[in-house]
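Before I ask anything, here is the structure I am working with.
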Amino acid sequence: MAGLRAIREALPPLRAGEGFLSWLPLAHQFQRMTNWVAMSVGAVIHFVDDPRAVVERAREVRPGVLIGVPRFYEKLAEGFRSRLSGLPGVGRWAARALDRALRLKSLGNRSLS
């Protein structure tokens with residue numbers, strides 16, 4: 001219960017009836033804990049069987065909170081970088097700006113731990 005409370009306090013508030021994506025394997029402890037958090041507030045859990053479909057399902061479900069393991073966010077940023085770098089004129093600038101923002105966010109998160 002203390003673990004659930006700690007996770008709930010660390011996440012932005014989840015509300016009853018709000019969508020929540022569950023896409024990591026259910027054997028993954030982090031996914032099981034966050035599912036319990038979602039259930040404890042009455043959120044609606046949407047299971048995604050293919051992790052490559054998370055972004056597409058997120059567009060449909062519009063979850064209040066999107067959680068994941070670090071590698072998920074790394075892959076998401078790689079996809080953004082790839083798309084941005086292909087834009088004529090601003091692509092490389094935008095990709096560098098994204099990299100800088102992610103590094104700053106990462107540094108800020110480390111200081112909280």
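Just the heavy atoms: all of them, side chains too, but no hydrogens, waters or symmetry mates, feed the values below.
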- prompt: If we only count heavy atoms from C-beta on, is the Lys75 to Phe72 side-chain gap below 4.5 Å?
  reply: no
Acceptor/donor pairs from residues 14-23 side chains to any protein atom, 3.5 angstrom cut, sequence neighbours excluded:
unit_1	atom_1	unit_2	atom_2	d
Glu18	OE1	Arg15	N	2.9
Ser22	OG	Gln31	NE2	3.2
Ser22	OG	Asn35	OD1	3.3
Ser22	OG	Asn35	ND2	3.2
Trp23	NE1	Ile67	O	3.2

message: I need the Trp36 CH2 to Met1 CE distance, nearest 0.5 Å.
response: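 Answer for the CH2-CE pair, Trp36 versus Met1, is 9.5 Å.
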query: In chain order, what residues pass the side chain to side chain donor-acceptor pair (under 3.5 Å) check against Glu9, with sequence neighbours excluded?
result: none
Euclidean distance, Arg71 CZ relative to Glu78 CD, rounded to 0.5 Å: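 Output value for this atom pair is 5.0 Å.
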message: Counting neighbours of CZ on Arg52 that are heavy atoms of other residues, nucleotides or ligands and sit closer than 6.0 Å, is the number greater than 12?
response: no
- line: Heavy-atom nearest pair, Pro63 first then Ala58, reads CD-O, 3.4 Å
- prompt: Are any of the side-chain nitrogens in Glu56 or Arg59 under 4.0 Å away from the carboxylate oxygens of its partner?
  reply: no
message: Just checking Asp50: does its CG atom have more than 12 heavy atoms from other residues, nucleotides or ligands closer to it than 6.0 angstrom?
response: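 Atom CG in Asp50 is crowded, with more than 12 foreign heavy atoms closer than 6.0 Å.
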Val44 reachable from Leu26 in the ILVMFWY side-chain graph, under 4.5 Å edges: no
